[in-house]
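These numbers come from the heavy atoms of this one structure, side chains and all, not from hydrogens, waters or symmetry mates.
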Amino acid sequence: MAEMDKSDWWRGGVIYQVYPRSFQDTTGDGSGDLPGVTRRVAYIASLGVDAIWLSPFFKSPMADMGYDVSDYCAVDPMFGTLEDFDELIAEAHRHGLKVIIDQVLSHSSDRHPWFIESRASRTNRKSDWYVWADAKPDGTAPNNWLSIFGGPAWEWDSTRKQYYLHNFLASQPDLNFHNPDVQDALLETVRFWLERGVDGFRLDTVNFYVHDRQLRDNPPFPRGRSNDISDANPYGYQDHLYDKTQPENLDFLRRFRTLLDEYGARAAVGEVGDGERSLRTVAAYTGGGDKLQMCYTFDLLSPEFSAVHVRESVEAFENAVADGWICWAFSNHDVIRHVSRWTKPGGDTDAMARFSIALLACLRGSICLYQGEELGLEEAELAFEDLRDPYGIRFWPGFKGRDGCRTPMVWNSGEPNGGFTTGKPWLPVPESHRVRAVDVQEEDGNSVLVRYRDVLAFRKEHPALSIGTIEMLDAGKDVLAFVREAGNERLLCLFNCSGGSDEWNIPAGSGAVIPAGFPGAEAPIDGSRISLPPFAVLVARLE
């Protein structure tokens with residue numbers, strides 16, 4: 001495992017996202033915890049991944065499931081203790097895994113001591129640690145900015161007699177990054193976790209840190225253009241020029257990187273939600289070698305699935321980001337699970353799961369897997385009374401929120417709640433998930449879980465897939481074709497993204513096309529023609 005100590009371990013790496021509250025409960029209270037993650041580290045390592053990304057476990061009122069932090073340097077009792085965290089780090093490192101933790105820097109909980117002090121008066125020493133503004137003469141909010149979670153992005157405070165900014169819940173006030181003291185304090189919380197041995201950070205809403213000083217109104221966003229917000233949410237009706245992605249953010253990211261570099265082989269991946277500007281933002285945030293190592297966007301986390309869309313997304317990144325790096329993902333804790341998004345009604349979700357990991361493993365960039373996708377878990381259908389996500393509760397039924405992808409992990413099919421907890425789980429465990437539990441799939445040589453392990457092992461053995469260049473080839477509208485190359489290895493990657501049969505003609509001068517033994521590849525080669533059954537995959541050496 002000495003290879004993982006290199007400073008660029010993250011480049012081409014495979015990251016496994018753990019949502020701790022839904023991973024493994026060890027206390028019977030119905031919520032997962034850090035000792036539960038530690039208990040399952042060997043399983044995570046068995047997948048062939050390089051790192052664990054832990055969603056927030058910090059002290060929090062849990063208004064937004066931990067993305068509302070009231071103490072950046074404490075573990076919430078729901079998840080355990082700092083000693084439990086240290087044991088998790090040690091166990092992960094014993095298994096050769098890096099640990100990345102989720103840093104929520106753009107906003108805190110309204111119960112954070114910083115905000116309690118800031119709202120107490122306009123003259124205290126933290127009075128400008130958050131974004132405060134006077135009302136307009138008629139008492140309305142300072143501008144037209146909207147919260148992603150519904151309604152205006154401004155909340156009136158009766159003590160200061162001012163509005164404060166919140167891009168999410170009113171209980172998640174935005175920190176004022178124009179104040180260098182705020183930046184200093186946040187960086188010290190980052191240092192706290194670096195000192196405890198973390199290997200990197202996932203930066204939540206990384207382009208939301210800085211707001212426009214002039215508080216200018218956002219212009220309307222033309223309907224029909226690309227967006228990453230549900231059309232049930234009026235947030236998508238604005239072009240967010242001023243409430244996020246401000247140029248001053250680059251200065252903070254440079255400060256963040258300087259701190260990170262003090263600790264050697266550490267890395268950061270930023271979450272960029274910026275609509276059609278996302279790839280330009282990724283280019284700015286990852287270029288130059290002095291800011292973030294990589295970012296991810298929502299381009300392939302969307303409902304759209306086609307060879308054309310994947311090619312356009314990849315080419316757009318390659319054209320926009322000269323020296324940066326991207327992390328591709330199909331599922332995470334914020335979106336409908338991809339086998340549900342992309343499988344047509346009545347279709348085979350297991351076939352989509354196998355196809356998806358093959359495609360993801362062949363893309364140029366690092367890749368991120370979300371817990372349960374290796375089991376082919378579908379989005380859970382929940383009743384309104386079972387919802388816990390404030391986003392879903394606010395926009396129901398037009399948007400059902402994020403609880404459907406956050407239901408508990410299933411370990412043992414014969415145990416109550418799939419072996420997740422001995423108590424009542426915080427979210428229901430669907431029966432359709434329980435029958436896909438880890439123990440069942442480990443005994444089935446053709447299971448989705450086995451395919452994930454085989455594909456990730458193949459990727460690790462072939463540098464062309466993990467770090468090589470990518471060259472797109474012309475193909476029909478349903479076929480994705482590209483070549484990955486590193487050193488003396490050139491791999492042709494073909495994917496039939498449709499439910500119908502297709503074929504692809506090998507371009508003249510390509511040389512011999514020899515199947516490389518990619519798991520599940522099922523595209524026969526007949527001379528210069530490759531037959532592609534529905535959702536077929538071929539990875540072949542070009543010699």
Side-chain angles (χ1 to χ4, degrees), residues 1-5 9-10 13-29 31-58 66 75-76 78-102 193-194 196-202 265-267 269 329 331-333 357 366-375 377 406 408-412 415 417-422 437-442 447-450 452-457 459-460:
M1 305 307 284
E3 180 181 339
M4 289 186 65
D5 294 329
W9 60 266
W10 50 270
V14 181
I15 303 168
Y16 184 84
Q17 181 190 356
V18 169
Y19 195 76
R21 194 170 184 179
S22 294
F23 202 58
Q24 178 69 72
D25 173 26
T26 62
T27 65
D29 67 356
S31 290
D33 44 50
L34 294 181
V37 181
T38 303
R39 175 179 161 189
R40 299 296 185 178
V41 162
Y43 166 79
I44 298 171
S46 77
L47 299 174
V49 303
D50 301 299
I52 302 171
W53 152 22
L54 289 174
S55 291
F57 52 85
F58 312 111
V75 173
D76 193 274
M78 171 189 295
F79 298 114
T81 65
L82 277 173
E83 290 72 24
D84 292 329
F85 178 80
D86 293 340
E87 290 179 11
L88 171 54
I89 288 278
E91 182 70 2
H93 287 171
R94 275 196 294 271
H95 281 81
L97 296 172
K98 304 291 188 181
V99 177
I100 296 170
I101 66 172
D102 218 325
W193 295 104
L194 287 167
R196 297 197 90 88
V198 303
D199 302 289
F201 301 91
R202 179 262 186 184
R266 304 295 188 269
V269 53
S331 283
N332 69 19
H333 66 294
I357 187 56
S366 302
I367 63 175
C368 191
L369 312 177
Y370 178 53
Q371 66 178 53
E373 74 167 81
E374 76 277 15
L375 305 179
L377 297 188
R406 297 177 176 182
M409 185 73 172
V410 283
W411 301 101
N412 302 97
E415 295 184 13
N417 305 310
F420 165 69
T421 181
T422 57
V438 171
D439 66 333
V440 173
Q441 298 210 29
E442 287 189 325
S447 70
V448 172
L449 174 59
V450 170
Y452 263 70
R453 286 173 171 157
D454 290 347
V455 167
L456 295 179
R459 175 184 166 94
K460 187 162 288 189

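Here the CG atom belonging to Leu82 is positioned 4.5 Å from the CZ atom belonging to Arg196, to the nearest 0.5 angstrom. Between the OH atom in Tyr16 and the CG atom in Leu369 there is a gap of 8.0 Å [rounded to 0.5 Å]. One finds the CG atom of Leu34 at 11.0 Å from the CD atom of Glu83 (value rounded to the nearest 0.5 Å). For the atom pair Leu449 CG and Asp454 CG, the distance stands at 9.5 Å (nearest 0.5 Å). To the nearest 0.5 angstrom, Phe420 atom CZ is 13.0 Å from Asn412 atom CG. Atom CG of Asp76 sits about 12.0 Å away from atom OG1 of Thr81, to the nearest 0.5 Å.
Of all the heavy atoms in Tyr19 and Tyr370, the pair that sits closest is CB-OH, 4.1 Å. Shortest non-hydrogen contact noted between Val75 and Gly80 is CG1-O, 3.5 Å. The shortest non-hydrogen separation linking Cys368 to Ala329 is O-CB, 3.6 Å. Nearest heavy-atom pair across Arg453 and Ser46 is NH2-OG, 2.8 Å. Minimum interatomic distance between Ile100 and Ala51 (heavy atoms only, all atoms of both residues): CD1-CB, 4.2 Å. Nearest heavy atoms, Ser55 versus Asp102: CA-OD2, 3.7 Å.
Looking only at distances, no side-chain donor or acceptor of Gln24 sits under 3.5 Å from a matching main-chain atom of Gly32. A donor-acceptor pair is defined here as one N or O able to donate and one able to accept, closer than 3.5 Å; no such pair exists between the side chain of Glu87 and the backbone of Phe85. Judged by distance alone, with hydrogens and angles left aside, the side-chain atoms of Asp199 form a donor-acceptor pair with the main-chain N or O of Val99 at under 3.5 Å. With Arg266 contributing its side chain and Val198 its backbone, the two residues share a donor-acceptor pair below 3.5 Å. No side-chain donor-acceptor contact under 3.5 Å links Glu415 to the backbone of Val410. At distances below 3.5 Å, at least one donor-acceptor pair connects side-chain atoms of Ser22 with backbone N or O atoms of Arg406. Ser366 places a side-chain N or O within donor-acceptor distance of the main-chain N or O of Trp10, the cut-off being under 3.5 Å.
A salt bridge does not link Asp50 to Lys98: none of the charged side-chain nitrogens sits closer than 4.0 Å to a carboxylate oxygen.
Contact check for Phe79 versus Arg21: side-chain heavy atoms found under the 4.5 Å cut-off. Side-chain contact between Glu374 and Leu47: present, with at least one pair of heavy atoms (C-beta onward) separated by less than 4.5 Å. Counting heavy atoms from C-beta on, the side chains of Thr27 and Thr421 never come closer than 4.5 Å. The closest side-chain heavy-atom distance from Leu456 to Ile367 is below 4.5 Å. Side-chain contact between Ile44 and His95: absent, with no pair of heavy atoms (C-beta onward) separated by less than 4.5 Å. Tyr43 is listed as a side-chain neighbour of Met409, based on a closest heavy-atom distance under 4.5 Å. With contacts defined as side-chain heavy-atom distances shorter than 4.5 Å, the pair Trp53/Gln371 does not qualify.
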Subject >> Candidate pair Val448 and Ile357, rule side-chain contact (heavy atoms from CB on, under 4.5 Å), full reasoning >> reply: CA-CA 9 Å; Val448 172; Ile357 187 56; over 6 Å; no
**OP:** Please report the C-alpha distance between Val37 and Glu91 in whole Å, then the side-chain angles of each, then the deciding distance to 0.1 Å, and finally whether the side-chain contact (heavy atoms from CB on, under 4.5 Å) criterion is met.
**Re:** CA-CA 10 Å; Val37 181; Glu91 182 70 2; over 6 Å; no
**OP:** Run the numbers on Glu373 and Gln17 for side-chain contact (heavy atoms from CB on, under 4.5 Å), then give the verdict.
**Re:** CA-CA 10 Å; Glu373 74 167 81; Gln17 181 190 356; over 6 Å; no
Subject >> Asp84 vs Thr38, side-chain contact (heavy atoms from CB on, under 4.5 Å): CA-CA, chis, key distance, verdict >> reply: CA-CA 8 Å; Asp84 292 329; Thr38 303; over 6 Å; no
**OP:** Decide ring pair (Phe, Tyr, Trp, His ring centres under 6.0 Å) for Phe201 and Trp193; before the verdict, give the C-alpha distance in whole Å, the side-chain angles of both, and the deciding distance to 0.1 Å.
**Re:** CA-CA 10 Å; Phe201 301 91; Trp193 295 104; 8.7 Å; no
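A donor atom on one side chain and an acceptor atom on the other are not found under 3.5 Å apart for Tyr452 and Gln441. Inspection of the Ser31 and Asp33 side chains reveals no N or O donor paired with an N or O acceptor under 3.5 Å.
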